[in-house]
Amino acid sequence: MKIATFNVNGVRSRLAHLLLWLEREQPDIACLQELKSEGHGFPTLDVRARGYEAIFHGQKSWNGVAILAKGAKPVEIGRAMPGDPNDEQSRYIEADVGEVRVGCLYLPNGNPAPGPKFDYKLRWFERFTQHAAELLAHEAPVVLAGDYNVMPTDLDVYKPERWLDDALFRPEVREAYARLVAQGWTDALRTLHPGERIYTFWDYFRNAWPRNAGLRIDHFLLNPVAAKRLAAAGVDREVRGWEKTSDHAPVWVELKPRAPKPRTKVRKVTE
DNA sequence: ATGCCTATTATTAATAGA
């Protein structure tokens, strides 16, 4: 089973990119972020024509998240991150797709830091961490996928010293990510590719893509049940090279099928 | 220290992104 996450940076302006990517890569589940569109702008019929059913949490102009699944509509579990009933921003949606629980997130950017936006980011991170603690022990595989807006370590930044005061790399944010992972989550890409430079985002500025000045900010966290089945993980870098493309590339993981149940012992005789 | 580039919204400029 292939599960992907893709910050599309505008689902309407990036519709052709999204559809071409779905046709080529055929993920079983796709998490999308930065729809930048209200619900009625979501291309339900276009993705259905490619074999996908979708649920989404849209918003005018900004934010917006969606979960797509091949052949079956995701069963929505929730769309509001607990902890702040006044939070109006569409940054999270959670669903069951078959046996897999999927959380699709778009964590706040937080710049400029310090400031109210940075405070909001840290509070959101804390709410997410509390929610994740409940999901960790779920009996079924849990996959938390999306744009976390944090580079976890120096290895995840083309030039760490330049980003020290940025909201994506400040110590508070890296520590928040580390605390989350320490609950028992597996960072899928880093676990399968230790020591490797992996980027998922390249700024539109500064000629970042041609010179590979990238950041790793889109992540997959797996609970122990899912981590046991982790078979492969990667980045669809070629998408970032397309014309008028998103500044993020899609990221994916491959989970092995569920192990067959051990043979049952001799059935108890009841009478 | 700031802009670079891009999308959205609302009217040619402001805001947000990372």
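Quick caveat, the model's predicted, so the values are computed rather than measured. Chain naming here is simple, since letters A, B, ... match the order of the sequence lines and numbering starts at 1 in each.
Side chain to side chain, A/Gln33 and A/Asp147 fail the donor-acceptor criterion of an N or O pair below 3.5 Å. No hydrogens or angles considered: nothing links the side chains of A/Trp202 and A/Tyr158 as a donor-acceptor pair under 3.5 Å. Judged by distance alone, the side chains of A/His17 and A/Glu243 never bring a donor and an acceptor atom under 3.5 Å apart. Side chain to side chain, A/Lys121 and A/Asn149 fail the donor-acceptor criterion of an N or O pair below 3.5 Å. For the 3.5 Å distance criterion, the side chains of A/Asp218 and A/His248 qualify, holding a donor opposite an acceptor.
Only the P atoms considered, B/dT15 is 15 Å distant from B/dC4, to the nearest whole Å. Comparing B/dA1 with B/dT12, their P atoms sit 34 Å apart, to the nearest whole Å. Between B/dT11 and B/dA16, the distance separating the two P atoms is 16 Å to the nearest Å. Rounded to the nearest Å, the gap between the P atom of B/dA14 and that of B/dA10 is 15 Å.
Looking at heavy-atom distances under 4.0 Å, A/Arg162 makes contact with a base.
Residues A/Pro108 and A/Arg91 meet the side-chain proximity criterion, which asks for heavy atoms closer than 4.5 Å.
In this structure, A/Arg206 atom CZ and B/dC5 atom P are separated by 11 Å, rounded to whole Å. Between the CZ atom of A/Arg211 and the P atom of B/dC5 there is a distance of 13 Å, given to the nearest Å. Taking atom CG on A/Asp166 and atom P on B/dA1, their separation rounds to 14 Å, with Å as the unit.
Evaluation of the ring pair (Phe, Tyr, Trp, His ring centres under 6.0 Å) test over residues 20-42 of chain A, restricted to residues two or more places apart or in two chains, returns A/Phe6-A/Trp21, A/Phe42-A/Phe56.
The shortest distance between the side-chain N/O atoms of A/Arg12 and the OP1/OP2 oxygens of B/dA7 is not below 4.0 Å. Checking the phosphate oxygens (OP1, OP2) of B/dT8, a side-chain nitrogen or oxygen of A/Ser13 falls inside 4.0 Å.
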Letter per nucleotide, 5' to 3', of nucleotides 12-17 of chain B [B base touched, S only sugar-phosphate touched, - untouched; heavy atoms, 4.0 Å]: ---BSB
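In this structure, A/Arg216 is not positioned above the aromatic face of A/Tyr199 in the sense of NZ or CZ being under 6.0 Å from the six-membered ring centre and within 45° of the axis.
Shown here are the side-chain contact (heavy atoms from CB on, under 4.5 Å) partners of A/Asp28, two or more places apart in sequence or in another chain: A/Met1, A/Lys2, A/Lys70.
In this structure, CG on A/Leu222 lies 6.5 Å from CG on A/Leu255, to the nearest 0.5 angstrom.
With DNA chain B read from its 5' end, the first of the two nearest nucleotides for A/Glu38 and A/Leu168 is the one closest to A/Glu38.
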For DNA chain B, the dot-bracket pattern of Watson-Crick and G-U pairs whose distances stay under 3.5 Å, | for other-strand partners: ....(((((...))))).
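Applying the under-4.5 Å side-chain rule to Ile, Leu, Val, Met, Phe, Trp and Tyr, the cluster around A/Leu136 extends to A/Met81, A/Tyr92, A/Leu105, A/Leu107, A/Phe118, A/Tyr120, A/Leu122, A/Trp124, A/Phe125, A/Phe128, A/Leu135, A/Val142, A/Leu144, A/Tyr148, A/Val150, A/Val173, A/Tyr177, A/Leu180, A/Val181, A/Trp185, A/Leu221.
At a non-hydrogen distance threshold of 4.0 Å, A/Lys244 from residues 234-245 of chain A come into contact with DNA chain B.
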